[in-house]
2 protein chains.
Amino acid sequence: MTASRSLRSPQGVSKQSYECVQKAARALGYVGNPLATSLSNRASDLIGVIVPSMTNAVFPEVLSGIAEEIEGTGLQPVFGVTEYDPEREYRIIRQMLSWRPAGLIVTGLDQPEETRALLRDADIPIVQIMDLDGDPVDCCVGISNFDAGKTMAEALLERGFRAFGYVGAVDVRARKRLDGFRYALAEHGLEFVSEKTTDAASSMVLGRRLTEEILLESPTLDCLYFSNDDMAAGGGFACMAQGISIPDAVAIVGFNGLEFVQALPCRMATSVSPRRGIGNRAAALIIARLGEKERPPAETTRLTPRIDLGAILRKE
Amino acid sequence: MTASRSLRSPQGVSKQSYECVQKAARALGYVGNPLATSLSNRASDLIGVIVPSMTNAVFPEVLSGIAEEIEGTGLQPVFGVTEYDPEREYRIIRQMLSWRPAGLIVTGLDQPEETRALLRDADIPIVQIMDLDGDPVDCCVGISNFDAGKTMAEALLERGFRAFGYVGAVDVRARKRLDGFRYALAEHGLEFVSEKTTDAASSMVLGRRLTEEILLESPTLDCLYFSNDDMAAGGGFACMAQGISIPDAVAIVGFNGLEFVQALPCRMATSVSPRRGIGNRAAALIIARLGEKERPPAETTRLTPRIDLGAILRKE
DNA sequence: CTGAAAGCGCTAACAT
DNA sequence: ATGTTAGCGCTTTCAG
């Protein structure tokens, strides 16, 4: 017992036995067994993180923000990837909960009711991230995707673009951006000239293919809005390969503001999403709730993407 | 006890009590506690996977190969990201082991001795992946990076290229490819005209910047070998931005054969690494070792990357 | 400040 | 086929 105490709370143990235990532990190469600790405490130091994908660079960056924030707290992140499959998401969350994590960070607000119930009944802090347009189970950190789309559309309209096309791999948050974008267009009496969507996973290859198609069908477009930067880059490549001038003939607009956008040989506009900050904040919320016995009130943090028009010039 | 039995091994329990238990479990929404099970069994259903990075698309693909293979086995992958930091790698492995995983998949063969000792003493199957050039602790699945570099150099030499430059974010496996490449050059009495390396993390942005530098310093290069596809794409972008013709003026050569290479508006050569297959095989090795009480003999699986010259034409 | 007792939820081994 | 006992390694509680 004295040993157990020495190894975590130096107070309550005489300096003598404390040092004795430390020395012995080191000599024996003692490593605590978190299974036993968690079983006894009915809680672990795990913090579960559920994201839909790893191939979209946004999520690794969120994870990295989380890792950064919990550094030194003794908490340990555990990742789950749903591949945008609600069924799989349910299973992953269910079994993460069975390890009694200290908290859960889940991507998005649009879980099916069964999953929401699971989260609600778990007696640990839950933080939903990346989205604000919906009804959080507990805490929430993200941006309004609707507003992001709307704001970007307004900025482009203000620059004089008029003939918009949309190219997207439509996940639920991209759809909200699309809705916002469409809303802003409607306010100006406009609508998309053409839309090309699929529910396949977003990628540069997909972006390129769909862009080739849409350009063929609608040669009058002056601005293409994409579901994210990967799709947009693919679209840019399609234009470059066909000798279509960017942004003079067609402007390319993505979402996320990933680093690689800076490397591209063509200009494109994007909204820089605060994904690292989202990770930081989500982790901070859980850390703040660590000691509390009563579950503190839910908190929602609204962050705002920064629009980067990437030197797209005003249309005449 | 009958309940416990009913929930995992239907045999050894009367049909009657079995169904009774199942019904009750369902009614109560019973979920087993893996903490207790693992504590009792001194082993969990976790399978730890340690990769250096998530921002390089190769690793998500390896993970996906692992996930694919363990689907339905009841095993559950747990990921750790080292950020290429041996210190962090040690900590992560150490604490993964404390959860008594069924096996560990670790990237690379070049762990420091302290880490190797940790792995050796863990009484579970260990699979080191992605590399073959070195001394595995237990099982090993990967490619020879040295050979990959050497083979690519030979293919390029055969095509008539003579003035090579190297641009790399040098991690340990990229360095082995570089060594192999250099070895092949030497066999032809050649060496790199110019090399540009850094230990920063690879990215398109970095590839672009370093390429701009090397082109300025060595305008006579006819072929640029990069540490991977991201760097190579950045290099391609640098050339395109400067109006340097690819592959006529300079050929671009990457490594990995990631999907996005197909989307690029310029041709580039690459070695297609079998990363999904590596994930599959690594997981299969651990699954095969699940029941065994004696640790079966170590197995090494050699896979081979496929060279894709990307329609780089023969130089005159 | 230290230790003895009991229990976290489960399972292997041994009765019955 | 089922139940009993003991123990996985740790912590909380309560006595000393």
Side-chain angles (χ1 to χ4, degrees), chain A residues 1-46 48 73-76 94-102 118 121-124 290-294, chain B residues 1-46 48 73-76 94-102 118 121-124 290-294:
Chain A
M1 204 53 263
T2 302
S4 173
R5 277 192 271 254
S6 305
L7 293 168
R8 45 202 161 96
S9 51
Q11 350 81 318
V13 180
S14 74
K15 190 168 222 120
Q16 202 169 22
S17 20
Y18 173 77
E19 275 162 13
C20 174
V21 170
Q22 291 294 336
K23 190 151 58 74
R26 207 171 307 273
L28 295 166
Y30 173 83
V31 188
N33 183 335
L35 290 165
T37 305
S38 303
L39 180 59
S40 180
N41 284 345
R42 298 143 151 284
S44 70
D45 290 333
L46 267 26
T73 60
L75 285 158
Q76 180 200 351
R94 188 185 176 80
Q95 67 114 303
M96 276 210 174
L97 286 174
S98 74
W99 291 91
R100 315 285 144 131
L118 211 56
D121 296 345
D123 196 33
I124 56 170
L290 270 185
E292 320 290 343
K293 34 194 55 166
E294 301 273 322
Chain B
M1 205 52 258
T2 301
S4 173
R5 277 192 270 257
S6 305
L7 293 168
R8 47 203 159 95
S9 52
Q11 353 79 315
V13 180
S14 75
K15 189 165 225 127
Q16 203 169 22
S17 20
Y18 173 75
E19 274 161 13
C20 175
V21 170
Q22 291 294 337
K23 190 149 57 73
R26 209 170 307 274
L28 295 166
Y30 172 83
V31 188
N33 183 335
L35 289 166
T37 304
S38 303
L39 181 59
S40 180
N41 284 343
R42 299 141 150 284
S44 71
D45 290 332
L46 267 25
T73 59
L75 273 99
Q76 181 201 352
R94 189 185 175 79
Q95 67 113 306
M96 277 211 173
L97 286 174
S98 74
W99 291 93
R100 313 286 146 134
L118 212 56
D121 297 345
D123 197 31
I124 56 171
L290 270 185
E292 321 289 342
K293 33 194 57 167
E294 301 274 321

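Since this is a predicted model, take the numbers as computed values, not measurements. Below, chains carry the letters A, B, ... as their sequence lines are ordered, and counting in each starts from 1.
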If you draw a 6.0 Å radius around CD in Q16(B), do more than 12 non-hydrogen atoms from other residues or ligands fall strictly inside?
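No, not enclosed.
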Beyond-backbone contact of [X] with [Y], side-chain heavy atoms, under 4.5 angstrom:
| X | Y | answer |
| --- | --- | --- |
| N33(B) | R100(A) | yes |
| L75(B) | L290(B) | yes |
| D45(B) | P34(B) | no |

Under 4.0 Å: is that the gap between some side-chain N or O of S4(B) and OP1 or OP2 of dT11(C)?
yes
Which residues in residues 31-45 of chain B have a heavy atom closer than 4.0 Å to any atom of DNA chain D?
L39(B), S40(B), R42(B)
Any chance you could lay out the side-chain contact (heavy atoms from CB on, under 4.5 Å) test for L46(B) and M96(B), step after step, and finish with the verdict?
CA-CA 9 Å; L46(B) 267 25; M96(B) 277 211 173; over 6 Å; no
Using the C1' atoms of the five pairs at each end, what is the angle between the end axes of the helix from dC1(C)-dG16(D) to dT16(C)-dA1(D), to 10°?
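Rounded to the nearest 10 degrees, the bend comes out at 40°.
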Separation of atom CG in L7(B) from atom C1' in dT11(C), rounded to whole Å
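Atom CG in L7(B) sits about 12 Å away from atom C1' in dT11(C).
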Expressed as a whole number of angstroms, how long is the span from W99(B):CH2 to dC8(D):C1'?
15 Å
Check the pair S4(A), M1(A) against side-chain contact (heavy atoms from CB on, under 4.5 Å), reporting the backbone distance first and the verdict last.
CA-CA 5 Å; S4(A) 173; M1(A) 204 53 263; 3.5 Å; yes
Are there any protein N/O atoms within less than 3.5 Å of an N/O atom in nucleotides 1-4 of chain D, and if so, which ones and at what distance?
from   : atom 1 : to     : atom 2 : distance (Å)
dT2(D) : OP1    : S14(B) : OG     : 3.1
dT2(D) : OP1    : S17(B) : OG     : 2.9
dT2(D) : OP2    : S14(B) : N      : 2.9
dT2(D) : OP2    : S14(B) : OG     : 3.3
dT2(D) : OP2    : S17(B) : OG     : 2.8
dG3(D) : OP2    : T2(B)  : OG1    : 3.0
dG3(D) : N7     : R5(B)  : NH2    : 2.9
dG3(D) : O6     : R5(B)  : NH2    : 3.2

With sugar-phosphate meaning primed atoms plus P, OP1 and OP2, does R100(B) contact a base, only sugar-phosphate, or nothing at under 4.0 Å between heavy atoms?
nothing
